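Notes for the one structure printed next.
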Amino acid sequence: AQKITQTQPGMFVQEKEAVTLDCTYDTSDQSYGLFWYKQPSSGEMIFLIYQGSYDEQNATEGRYSLNFQKARKSANLVISASQLGDSAMYFCAMTPNNFNKFYFGSGTKLNVKP
Amino acid sequence: DVKVTQSSRYLVKRTGEKVFLECVQDMDHENMFWYRQDPGLGLRLIYFSYDVKMKEKGDIPEGYSVSREKKERFSLILESASTNQTSMYLCASLQRNTDTQYFGPGTRLTVL
């Protein structure tokens with residue numbers, strides 16, 4: 001069975017500082033994809049970043065980077081230079097190779113303080 | 001830009017009513033998904049579809065059914081709504097060349 005664990009229900013970070021949101025996953029598949037989504041209070045789910053299990057380099061998208069440690073089965077999201085607009089729920093997700101199913105963690109609520 | 005729309009942002013229904021939630025995408029995606037989101041539980045997959053008239057159960061299909069008669073439209077049906085189906089319902093479609101799901105704005109359903 002696939003499982004995604006986000007152990008931080010809520011986090012605070014000071015504006016302009018970096019923050020790491022934790023995600024661990026459990027799968028027996030050799031090939032899979034890892035995703036992070038942002039959900040502001042308005043409710044829409046916004047795709048942030050993707051990492052394939054065979055990608056050797058960590059994915060980066062602007063201020064977002066994914067710290068992928070395959071042996072530890074972790075896929076932490078790092079947000080650099082936090083902004084007030086980063087305050088939101090963040091979800092880690094995984095899909096097996098066939099991309100027919102996506103599994104989501106329970107989310108981390110990030111609050112950025114001015 | 002990919003656009004996924006859902007028929008209602010907010011919906012209030014009574015126990016026992018039949019409820020239809022509609023989802024439409026405009027990018028000719030084959031894979032579409034229905035999730036429900038509850039606090040502390042994240043998103044849980046109800047059903048998904050990988051082509052017209054094709055569907056598969058997700059992790060929590062009980063009490064729900066789906067319909068995919070046209071490629072762009074994926075409907076979630078609650079045959080007899082119950083109070084424990086009060087939740088946020090999110091639809092998504094998958095862009096295969098980027099392996100990315102795009103979500104609709106969600107429907108917050110309250111069953112009284």
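This structure is a prediction, so every number in the text was calculated from the model and none was measured. Convention: sequence-line order gives letters A, B, ...; per-chain numbering from 1. Every heavy atom of this structure was used, including side-chain atoms; hydrogens, water molecules and symmetry mates were not.
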Greatest number of heavy atom pairs closer than 4.5 Å to chain B - which of S106(A), A93(A), G107(A): S106(A)
Any donor-acceptor N/O pair, T100(B) side chain to Q95(B) backbone, under 3.5 Å: no
Engaged part of L43(B) at the chain A interface, taking heavy atoms whose separation is under 4.5 Å: both
Per-pair distances, 0.1 Å, donor-acceptor, side chain in residues 33-46 of chain A, under 3.5 Å, sequence neighbours excluded:
{"unit_1": "W36(A)", "atom_1": "NE1", "unit_2": "A75(A)", "atom_2": "O", "d": "2.9"}
{"unit_1": "Y37(A)", "atom_1": "OH", "unit_2": "Q101(B)", "atom_2": "N", "d": "3.3"}
{"unit_1": "Y37(A)", "atom_1": "OH", "unit_2": "Q101(B)", "atom_2": "O", "d": "3.2"}
{"unit_1": "K38(A)", "atom_1": "NZ", "unit_2": "G85(A)", "atom_2": "O", "d": "2.8"}
{"unit_1": "Q39(A)", "atom_1": "OE1", "unit_2": "Q37(B)", "atom_2": "NE2", "d": "2.7"}
{"unit_1": "Q39(A)", "atom_1": "NE2", "unit_2": "G43(A)", "atom_2": "O", "d": "2.9"}
{"unit_1": "Q39(A)", "atom_1": "NE2", "unit_2": "Q37(B)", "atom_2": "OE1", "d": "2.9"}
{"unit_1": "S42(A)", "atom_1": "OG", "unit_2": "E44(A)", "atom_2": "OE1", "d": "2.3"}
{"unit_1": "S42(A)", "atom_1": "OG", "unit_2": "E44(A)", "atom_2": "OE2", "d": "3.4"}

Close approach to chain A in residues 59-90 of chain B, criterion heavy atom under 4.5 Å: D59(B), L90(B)
Please tabulate, for side-chain N and O atoms in residues 13-25 of chain A, each donor-acceptor pair with protein atoms closer than 3.5 Å (sequence neighbours left out).
{"unit_1": "Q14(A)", "atom_1": "NE2", "unit_2": "P114(A)", "atom_2": "O", "d": "2.8"}
{"unit_1": "D22(A)", "atom_1": "OD2", "unit_2": "Q8(A)", "atom_2": "NE2", "d": "3.3"}
{"unit_1": "Y25(A)", "atom_1": "OH", "unit_2": "Y32(A)", "atom_2": "OH", "d": "2.8"}

Basic-acidic side-chain contact under 4.0 Å: D51(B), K53(B): no
Any donor-acceptor N/O pair, S87(A) side chain to N111(A) backbone, under 3.5 Å: no
side-chain contact (heavy atoms from CB on, under 4.5 Å) against Q30(A), all qualifying residues, sequence neighbours excluded: Y54(A)
Check against side-chain hydrogen bond (donor to acceptor under 3.5 Å, both in side chains), T27(A) and D29(A): CA-CA 5 Å; T27(A) 182; D29(A) 291 293; 3.2 Å; yes
Heavy-atom contact with chain A under 4.5 Å, split by part of R9(B): side chain
